[in-house]
Amino acid sequence: MNNWLSRLLASNTASGPLSEQARQTLARWAALPEPDLARAHFETRYVVVNTEASGLDLDKDRVLAVSAVGIDGGILAPQDSYYAVLGEHPAEALTGLLQAVGKAPLIVFNSAFNRTMLERALEEHLGLAADWLWIDLYFALPALFPERFERPTRLADCMSSFGIETFQRHHALGDGWAIAQLFLAVQARALAQSALSPRGLADLERSYRQYRRKV
C-alpha cells in the first residue's frame, strides 16, 4: 500500500475516525489505474460532478450534498449516477462519490465554486487531495460555441440556448444532469476543432480561461 494511503487510513479526520467501509473504499479507489488522457472522447468515461452548498460564500458555507453523472463512450446513462447528502455521515457520502467517480476526468460547471467546495470537503472529511483532471464547461462552452456565447455565462442561460431541461434546478443531481447534457454537445463540437481527447479538451478550456483573464 502507498505510504500516503497508509498514513491517511491510520489517521483521524475532522469528522473523526473513518469507518471500516470508508477505509476499504478509499483503498480500492487508490488502487485504480490512472486514466489515459490521450484516448479519444468516445473511448473515455467522463463524470460530471456537482455540489449543493449552504450558500455561495466560499469562506463560510459548506457542502450539503454531492452528485456524479457518468458519460461513458459518449453515452449518458441515468443508472450511472450518484447522489448523497453529507448529513451526519459525510465520510460515507464522499467515499460513495469516490466509488462512483473512480479516477475519470471530471466535468464541472463553475469550478471556482464547485471544485473548491468539493476539494475542501474531501480534505476535511477524508484527508484526501485527489488529483483528477478537471474540465470546466463555464469556459469550454464559450470557447467551443462563440456563436452562442460571447463570454462565460450562467448555467441557466446555457441550458436555454440548447433547449435543455432537467427534473430539478439548484439540486446537485438535477443540475448535474443538465451539465451532462451540455457536455454531450461539447464533445461533438470538440471533435470538429481537433480537441480529440480529455487532455485536448482540457488544454482548449485552459487556453480560453487564460484568454479571458487578459481581456
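Throughout, numbering of the chain's residues begins at 1 and tracks the sequence.
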Could you work out, with side chain to side chain donor-acceptor pair (under 3.5 Å) as the rule, every residue matching [X], not counting sequence neighbours?
{"X": "Ser160", "value": "none"}
{"X": "Thr25", "value": "Arg28"}
{"X": "Gln210", "value": "none"}
{"X": "Asp36", "value": "none"}

How long is the gap from [atom1] on [X] to [atom2] on [Y], to the nearest 0.5 Å?
{"X": "Asp175", "Y": "Thr166", "atom1": "CG", "atom2": "OG1", "answer": "6.5 Å"}
{"X": "Arg209", "Y": "Arg212", "atom1": "CZ", "atom2": "CZ", "answer": "12.5 Å"}
{"X": "Leu37", "Y": "Lys103", "atom1": "CG", "atom2": "NZ", "answer": "12.0 Å"}
{"X": "Leu18", "Y": "His125", "atom1": "CG", "atom2": "NE2", "answer": "11.0 Å"}
{"X": "Leu155", "Y": "His170", "atom1": "CG", "atom2": "NE2", "answer": "8.5 Å"}

According to the salt bridge (Lys or Arg N to Asp or Glu O under 4.0 Å) rule, which pairs have a member within [range], sequence neighbours left out?
{"range": "residues 42-67", "answer": "Arg39-Glu43, Arg45-Asp80"}
{"range": "residues 106-117", "answer": "Arg115-Glu119"}
{"range": "residues 87-96", "answer": "none"}
{"range": "residues 176-195", "answer": "Glu147-Arg189"}

In the hydrophobic clustering (ILVMFWY, side-chain contacts below 4.5 Å, transitive), which residues join Leu191, or is it alone?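 Phe42, Leu196, all in the cluster of Leu191.
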
Does atom CD (Gln193) have a neighbourhood of more than 12 heavy atoms from anything else shown, all under 6.0 Å? yes

Atom NE2 of His171 with >12 non-hydrogen neighbours under 6.0 angstrom: yes

Might you point out which heavy atoms bring [X] and [Y] nearest each other, and give the distance in Å?
{"X": "Asn50", "Y": "Ala172", "value": "ND2-O, 3.1 Å"}
{"X": "Leu204", "Y": "Ala195", "value": "CD1-CB, 4.1 Å"}
{"X": "Ala100", "Y": "Val47", "value": "O-CG2, 4.5 Å"}
{"X": "Ala93", "Y": "Val66", "value": "O-CG2, 4.4 Å"}
{"X": "Tyr82", "Y": "Leu173", "value": "O-CD1, 3.9 Å"}
{"X": "Ala68", "Y": "Leu97", "value": "CB-CD1, 3.8 Å"}

Output side-chain donor-acceptor pairs under 3.5 Å for residues 178-187, partner residues at least two apart or in another chain, one line each.
unit_1	atom_1	unit_2	atom_2	d
Gln181	NE2	Glu165	O	3.3
Gln181	NE2	Trp177	O	3.4

Given 3.5 Å as the limit, does a donor-acceptor pair link the side chain of His41 with the main chain of Tyr46, or not? no

Without swapping roles, check the side chain of Arg120 against the backbone of Val63 for a donor-acceptor pair under 3.5 Å. no

Are [X] and [Y] side-chain neighbours, meaning at least one heavy-atom pair lies under 4.5 Å?
{"X": "Cys158", "Y": "Thr153", "result": "yes"}
{"X": "Phe109", "Y": "Leu141", "result": "yes"}
{"X": "Thr44", "Y": "Pro105", "result": "yes"}

Can you give each donor-acceptor pair under 3.5 Å made by side-chain atoms of residues 126-136, sequence neighbours left out, with the distance rounded to 0.1 Å?
unit_1	atom_1	unit_2	atom_2	d
Trp132	NE1	Gly102	O	3.0
Asp136	OD1	Asn110	N	2.9
Asp136	OD1	Tyr138	N	3.0
Asp136	OD2	Ser111	N	2.8
Asp136	OD2	Ser111	OG	2.9

Determine, step by step, whether Tyr208 and Leu144 satisfy the side-chain contact (heavy atoms from CB on, under 4.5 Å) criterion, reporting the C-alpha distance in whole Å, the side-chain angles of both residues, the deciding distance to 0.1 Å, and the verdict. CA-CA 9 Å; Tyr208 183 82; Leu144 288 164; over 6 Å; no

Is it the case that one hydrophobic cluster holds both [X] and [Y], taking links as side-chain heavy atoms less than 4.5 Å apart, direct or via other members?
{"X": "Tyr83", "Y": "Leu98", "answer": "no"}
{"X": "Ile71", "Y": "Val49", "answer": "no"}
{"X": "Val108", "Y": "Val48", "answer": "no"}
{"X": "Val69", "Y": "Leu64", "answer": "no"}

What residues form a side-chain contact (heavy atoms from CB on, under 4.5 Å) with Ser161, not counting sequence neighbours?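 For Ser161, the residues satisfying side-chain contact (heavy atoms from CB on, under 4.5 Å) (neighbours in sequence not counted) are Arg148, Phe149.
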
Side-chain H-bond candidate by donor/acceptor type, Asn114 with Thr51, under 3.5 Å: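 Side-chain D/A pair, Asn114 to Thr51: present.
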
